[in-house]
Undergrad: 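If you scroll down you'll find the structure; I have some questions about it.
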Amino acid sequence: MSESAEWTLPGDADAVRDALVSWYETDHREFPWRRTDDPYAILVSEVMSQQTQLSRVEEAWDAFLDRWPTTADLAAADQSDVVGFWSRHSLGYNNRATYLHEAAQQVEEGEVGPTDRPHEDGEAVEAGGEFPETPAELSELMGVGPYTANAVASFAFDNGNAVVDTNVKRVLYRAFDVPDDDAAFEEAANELMPEGESRVWNNAIMELGGVACGKRPACDDAGCPWREWCSAYADGDFSAPDVPKQSTFEGSRRQKRGRVVGALREHGELELDELGPRVRVDYAPEGDGDGSREWLRGLVDDLADDGLVEVEDRADATVARLAS
DNA sequence: GTCCCGTACT
DNA sequence: AGTACGGGAC
């Protein structure tokens, strides 16, 4: 179903496909996670890569897998250690550390994947620990959406659909005038992907978006394999789909949340009035506005709702620590 | 200050 | 449909 026929793939689509795969196979960046087909290791790399410069991900990825080499290891870990690791490595979005931890537990408990099936009360449940292999099963994992599901299915099992991230959108938008519309991008991406070759294809098209067709295009320098078909190369219009604006981090609530997690990681447990000055230099317990004890209580309560922090009311004071 | 960016939640 | 979410690179 396509109400918008504004875009078309070139008539010789197979030549387009072959050109990209050949270009990728001739030369591409090397990343350690491209040398494994362990779905867990690939999931870790994808979750990290969603948010961080690839150079720093390499070191964090190695250290993470060294510490928790399997889903069983991660599932058994204290969540505070996982969040602490995430924070120490400046990986951002601490929620995703808890998602990854929960996803490992889902796999170990057999909640998802090939062993997933209804069972009666009292019946022995199948052991679990088998990693899901299809995009639909992978999507059941906490923190795994359409992009990550297809990336893991592709890179671990060569079993995915076309990935659609901002790199892919930009490439399709520029080269084939696919409109800035999620359904159109998904349709075009899947029409273009050679059947059953998701591993090499998704690697190749994201490499194209990262190396040749970035925000600043490098068509000739990167030897873009699609120049002869590319609409943007022909008319010089290298505009890209709109990306949502980022609110400023300095002074933001996100910054204060990060400081709470950092302080609790460092000290283990703190009373609110010990935590406050580490979050805002102008912390002033009395009152009810920003920077007050009441404000801080609201902040740590939200972190508790997110599963990142534990808050305990004692007779004399309220204490906070990273969630175990 | 701007950019990066997929997912969960409302 | 819109918003929250981290912190480093530039």
Side-chain angles (χ1 to χ4, degrees), chain A residues 42-61 64 82-103 106 112 135-136 138-155 160-171 173 180-183 185-186 189 202 205-206 209-211 213-217 239-266 278-279 298-309 322-323:
Chain A
I42 290 169
L43 175 63
V44 172
S45 80
E46 289 300 333
V47 172
M48 289 182 174
S49 301
Q50 285 166 16
Q51 57 204 6
T52 307
Q53 283 74 18
L54 260 30
S55 55
R56 267 189 307 130
V57 168
E58 293 201 30
E59 184 188 340
W61 184 77
F64 193 99
V82 184
V83 172
F85 176 100
W86 213 258
S87 175
R88 273 195 307 281
H89 286 79
S90 300
L91 288 168
Y93 297 111
N94 295 311
N95 264 330
R96 299 195 180 174
T98 70
Y99 293 165
L100 208 44
H101 186 229
E102 182 172 340
Q106 287 178 284
V112 296
L138 285 158
S139 296
E140 296 176 31
L141 295 174
M142 192 62 185
V144 174
Y147 166 77
T148 308
N150 282 314
V152 175
S154 297
F155 304 146
N161 301 308
V163 298
V164 180
D165 69 351
T166 57
N167 285 313
V168 172
K169 289 181 183 179
R170 188 173 55 247
V171 167
Y173 182 88
D180 187 357
D181 173 273
D182 285 348
F185 284 130
E186 186 183 339
N202 285 324
I205 195 165
M206 288 198 290
V211 170
C213 201
K215 190 181 172 68
R216 298 276 326 263
S239 56
D242 287 331
V243 270
K245 295 247 179 291
Q246 168 85 17
S247 55
T248 59
F249 178 64
E250 188 62 31
S252 69
R253 177 183 180 79
R254 297 205 313 278
Q255 181 186 43
K256 304 302 185 295
R257 286 170 53 106
R259 286 184 182 168
V260 169
V261 170
L264 298 180
R265 186 234 308 159
E266 187 178 351
R278 299 176 177 281
V279 176
L299 195 62
V300 296
D301 280 346
D302 282 353
L303 284 161
D305 287 343
D306 288 344
L308 285 160
V309 163
L322 288 186

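Order of the sequence lines fixes the chain letters, A, B, ..., with proteins taken first and strands second; residue numbering starts at 1 for each chain. Because the structure is predicted, anything quoted here is derived from the model rather than measured.
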Undergrad: Taking the C1' atom in each of B:dC9 and C:dG7, what is the distance between them to the nearest angstrom?
TA: 22 Å
Undergrad: Can you identify which nucleotide, out of B:dT7, B:dA8, B:dC4, has its nearest atom closest to the A:Tyr99 side chain?
TA: B:dA8
Undergrad: In this structure, how many angstroms lie between the P atom of C:dA1 and the CG atom of A:Asp242, rounded?
TA: 16 Å
Undergrad: Please confirm whether the shortest side-chain N or O distance from A:Arg254 to OP1 or OP2 of C:dG7 is below 4.0 Å.
TA: no
Undergrad: For the pair made of CD in A:Gln50 and C1' in C:dG6, what is the distance, rounded to whole Å?
TA: 14 Å
Undergrad: I want to check one thing: is the phosphate of B:dT7, taken as OP1 and OP2, less than 4.0 Å away from some side-chain N or O of A:Thr148?
TA: yes
Undergrad: For A:Phe155 and A:Asn202: C-alpha separation, side-chain torsions, deciding distance, then whether side chain to side chain contact (heavy atoms under 4.5 Å, CB included) applies.
TA: CA-CA 8 Å; A:Phe155 304 146; A:Asn202 285 324; 3.9 Å; yes
Undergrad: Say you draw a straight line from CE of A:Met48 to CZ of A:Arg56; how long is it, rounded to the nearest 0.5 Å?
TA: 11.0 Å
Undergrad: State whether A:Lys169 and A:Asp180 are salt-bridged, where the test is any N-O pair (Lys NZ or Arg NE/NH1/NH2 against Asp/Glu carboxylate O) under 4.0 Å.
TA: no
Undergrad: What distance separates A:Asn95 CG from A:Leu303 CG, expressed to the nearest 0.5 Å?
TA: 8.5 Å
Undergrad: With rounding to the closest Å, how many angstrom separate the P atoms on B:dT7 and C:dG8?
TA: 24 Å
Undergrad: Starting from C1' on B:dC4, measure out to CZ on A:Arg56 and report it in whole angstrom.
TA: 11 Å
Undergrad: What does A:Tyr93 touch in the nucleic acid at a heavy-atom separation under 4.0 angstrom: a base, only the sugar-phosphate, or nothing?
TA: base
Undergrad: Say you draw a straight line from CG of A:Asp165 to CD of A:Glu46; how long is it, rounded to the nearest 0.5 Å?
TA: 9.0 Å
Undergrad: Using a cut-off of less than 4.0 Å, is there contact between a side-chain N or O of A:Thr248 and OP1 or OP2 of B:dG1?
TA: no
Undergrad: With heavy atoms under 4.0 Å as the rule, sort A:Val47 into base, sugar-phosphate or nothing.
TA: nothing
Undergrad: So if I take every side-chain heavy atom of A:Phe249 and compare against B:dC5, C:dG7, B:dT7, which nucleotide ends up nearest?
TA: C:dG7
Undergrad: In terms of side-chain heavy atoms of A:Val243, which of B:dC4, B:dC5, C:dG6 is nearest?
TA: B:dC4
Undergrad: Nearest whole Å is fine: how far is B:dC5 P from A:Asn95 CG?
TA: 20 Å
Undergrad: Could you give the CG-to-P distance, from A:Leu43 to B:dT7, as a whole number of Å?
TA: 11 Å
Undergrad: Which residue, A:Ser49 or A:Val144, contacts DNA chain B at a nucleotide closer to its 5' end, judged by nearest heavy atom?
TA: A:Ser49
Undergrad: Counting only side-chain N and O atoms of A:Arg253, is one of them less than 4.0 Å from OP1 or OP2 of C:dC5?
TA: yes
Undergrad: Starting at CG of A:Asp306 and ending at P of B:dT10, how long is that distance when rounded to a whole Å?
TA: 10 Å
Undergrad: Any chance you could lay out the side chain to side chain contact (heavy atoms under 4.5 Å, CB included) test for A:Tyr99 and A:Val144, step after step, and finish with the verdict?
TA: CA-CA 8 Å; A:Tyr99 293 165; A:Val144 174; over 6 Å; no
Undergrad: Between C:dC5 atom P and A:Trp86 atom CH2, what is the distance in whole Å?
TA: 18 Å
Undergrad: From CZ of A:Arg216 over to C1' of B:dC3, roughly how many Å is that when rounded to an integer?
TA: 15 Å
Undergrad: Which nucleotide wins on minimum distance to the side chain of A:Arg257, given the candidates B:dC5, C:dC5, C:dG7?
TA: C:dC5
Undergrad: So if I take every side-chain heavy atom of A:Lys215 and compare against B:dC5, B:dC4, C:dG7, which nucleotide ends up nearest?
TA: B:dC4
